[in-house]
Amino acid sequence: MNMITFMLTLTLTLSILLITLNLWLAQTNPDSEKLSPYECGFDPLGSARLPFSIRFFLVAILFLLFDLEIALLLPLPWAMQLQSPTTTLTWASIIISLLTLGLIYEWLQGGLEWAE
């Protein structure tokens with residue numbers, strides 16, 4: 001048996017085993033919130049002109065910012081093989097320190113406090 005056939009068989013067997021285990025052990029207790037098409041808890045049939053808390057936007061923007069940071073830093077292992085890895089590490093350190101300073105500023109200003 002060659003390696004490709006072995007890996008495909010192993011992957012298929014492991015996938016079927018995990019799916020079967022999930023279906024067998026999963027607890028399904030549907031209620032009205034879980035069956036709702038929106039996970040945020042808002043009534044989809046209500047008015048769309050309700051006031052919306054700015055805290056949701058701040059948390060979403062912070063999440064996107066740090067998600068973008070990860071996307072920018074993902075190519076670092078490949079960039080280390082360039083002619084000047086010191087320049088790459090310098091720019092990566094600048095990005096991380098800038099985002100860390102922004103997070104500290106947001107924290108000190110109270111932007112991460114959910115309840116007042």
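Other residues sharing a hydrophobic cluster with Tyr105 under the 4.5 Å side-chain heavy-atom criterion for ILVMFWY residues do not exist; the residue is a singleton.
Around the CD1 atom of Ile4, the shell of radius 6.0 Å holds no more than 12 heavy atoms that belong to other residues, nucleotides or ligands.
Distance CG/Leu68 to CG/Leu99: 8.0 Å, rounded to 0.5 Å. To the nearest 0.5 Å, atoms CG (Leu73) and CD1 (Ile70) are separated by 8.0 Å. For the atom pair CZ of Phe6 and OG1 of Thr11, the computed distance is 9.0 Å after rounding to the nearest 0.5 Å. Rounded to the nearest 0.5 Å, atoms CG (Asp67) and CG (Leu62) are 12.0 Å apart. Rounding to the nearest 0.5 Å places CG of Leu14 at 10.0 Å from CE of Met7.
Among the candidates Asn22, Leu18, Ile16, the single residue satisfying the side chain to side chain contact (heavy atoms under 4.5 Å, CB included) test with Thr20 is Ile16. When each of Leu98, Ile96, Leu103 is checked for a side chain to side chain contact (heavy atoms under 4.5 Å, CB included) with Thr100, only Ile96 meets the rule. Under the side chain to side chain contact (heavy atoms under 4.5 Å, CB included) rule, Thr86 has a single partner from Thr88, Leu89, Thr90, which is Thr90.
Shown here for Thr5 and Thr9, the closest heavy-atom pair between the two residues is O-OG1, 2.7 Å.
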